[in-house]
Colleague: 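Structure in structure tokens, see below.
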There are 2 protein chains.
Amino acid sequence: MNETATRRRSEQAWSEHAEARISEAGLKRSVPRRKVIELLAGQDCAVTALQLDAELDGVGRATVYRAIEQLEDLGLIQRVDLGGSAHGYERLEPSGHHHHHIVCDDCGKVEPFEDEALEDAIHDIHRKGFKVETHEVTLHGHCQDCH
Amino acid sequence: MNETATRRRSEQAWSEHAEARISEAGLKRSVPRRKVIELLAGQDCAVTALQLDAELDGVGRATVYRAIEQLEDLGLIQRVDLGGSAHGYERLEPSGHHHHHIVCDDCGKVEPFEDEALEDAIHDIHRKGFKVETHEVTLHGHCQDCH
DNA sequence: ATCAAATTGAGAATGGTTCTCATTTACTAT
DNA sequence: ATAGTAAATGAGAACCATTCTCAATTTGAT
Ligand SMILES: [Zn+2]
Ligand SMILES: [Zn+2]
Ligand SMILES: [Zn+2]
Ligand SMILES: [Zn+2]
């Protein structure tokens, strides 16, 4: 199985997973929210609310923001800060598999990366009185074009 | 030397360091910007632009934002995303010593933490085409009051 | 088909940040 | 000290992202 096929399967799994969690939470399966979920499912990295809104015809802006809030509360997407003015959102795989980001503070370029040792170090962190659920790591610096 | 005295010395060092970098950059030593620097120097963790503005009499809001931008460009403060709507800023010690954050996604409580193994893992990450300068780690979860 | 509750979209309102511009301030060279 | 120049400032307007309001619609259960 090639990489594209793997991703497609994962997108579909997430999208179904998301719909299921939505129902379990006692929420309805509405068309506009489904559109938001489908669009998020197709993204490999973070997108902003306004980007989603721009892509979605027939879905009000408020609905996009509401869907994002619900998905975030259900742990289906995660908000990430990539340096700009707006926040980005990307899906959280049920498997826990995820990436982090390295961003160029000059041009804003963002690259995802994965690092097993980093994950291990993070999972070893325990804080009394806190139950850790997710984490976010961002490396800041300058890319080749901007150094 | 007790902890309070250590912090006080570090604040002063940072504040002088910041003034020096400002001058080196060809910027003037103005009174309003110095007030912003002094206020930032006294904070142990992130504060927002609006919080700074509220504390500072006789300093215009635009000046606060401008000072933040300059200090950030000079690598004297770092922007951190602590979950809310506004961004936080905290000073970067010349020594490199710093902390990261654990935040409760329910009530918004923020606690700083330090972890040597985490720092090691981060410093081992290298990405071709990127010169990493700073990093940010945020753990998300729920605090005791909100679990 | 009926009903209650959830959901929606349009637009207003808010919050945070940046911009504009006339005036003031800080440094440099006389 | 004085004058000249560029940086810096504050007030407010403008701007962008996000949240709120509310009447109308859609959904899922009965
Ligand atoms: Zn990503
Ligand atoms: Zn991770
Ligand atoms: Zn902090
Ligand atoms: Zn660190």
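Residue numbering restarts at 1 for every chain, and letters A, B, ... go by the order of the sequence lines.
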Colleague: Rounded to the nearest Å, what distance is computed from the CD atom of residue B/Q70 to the C1' atom of nucleotide D/dA7?
Modeller: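 One finds 10 Å between C1' of D/dA7 and CD of B/Q70, rounded.
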Colleague: Inspect the contact between A/E19 and A/R21 and indicate whether a charged nitrogen and a carboxylate oxygen are less than 4.0 angstrom apart.
Modeller: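 Salt bridge: no.
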Colleague: Measure from the side-chain heavy atoms of B/L50 and tell me the nearest of D/dT27, D/dT18, C/dG16.
Modeller: C/dG16
Colleague: Within this structure, what is the CD1-to-C1' distance between B/I22 and D/dT9, rounded to whole angstrom?
Modeller: 15 Å
Colleague: Mind checking B/R61 for me? I need base, sugar-phosphate or nothing, with any heavy atom below 4.0 Å counting as a touch.
Modeller: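 Base, at least one base heavy atom under 4.0 Å.
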Colleague: Quick check on DNA chain C: between A/V64 and B/L27, whose nearest nucleotide comes earlier from the 5' end?
Modeller: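 Its nucleotide being nearer the 5' end, the pick is A/V64.
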Colleague: Counting N and O atoms only, with roles assigned by atom type, does the side chain of A/R127 sit under 3.5 Å from a partner on the main chain of B/F113, one being a donor and the other an acceptor?
Modeller: no
Colleague: Considering only C/dG15, C/dA26, D/dG28, which nucleotide approaches the side chain of B/S85 most closely?
Modeller: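 It is C/dG15.
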Colleague: Of B/A49 and B/S23, whose nearest nucleotide on DNA chain C comes first from the 5' end?
Modeller: B/A49
Colleague: From the set C/dG9, D/dA17, D/dT9, return the single nucleotide nearest to any side-chain atom of A/V59.
Modeller: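 Looking only at side-chain atoms, A/V59 lies closest to C/dG9.
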Colleague: Determine whether a donor-acceptor pair (one donor, one acceptor, N or O, separation below 3.5 Å) exists between the side chain of A/R66 and the base of C/dG9.
Modeller: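 Counting by modelled atom types and ignoring angles, a donor-acceptor contact under 3.5 Å is found here.
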Colleague: Quickly work out the B/H87 NE2 to D/dT18 C1' distance and round it to whole Å.
Modeller: 13 Å
Colleague: Check whether any side-chain N or O of A/E72 sits under 3.5 Å from a backbone N or O of A/E69 as a donor-acceptor pair, and report yes or no.
Modeller: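 It does not hold such a pair.
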Colleague: Any chance the rings of A/H98 and A/H135 have centres within less than 6.0 Å?
Modeller: yes
Colleague: How would you label the contact of B/G26 with the nucleic acid (heavy atoms, under 4.0 Å): base, sugar-phosphate, or nothing?
Modeller: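 No contact at all - B/G26 keeps every heavy atom at 4.0 Å or more from the nucleic acid.
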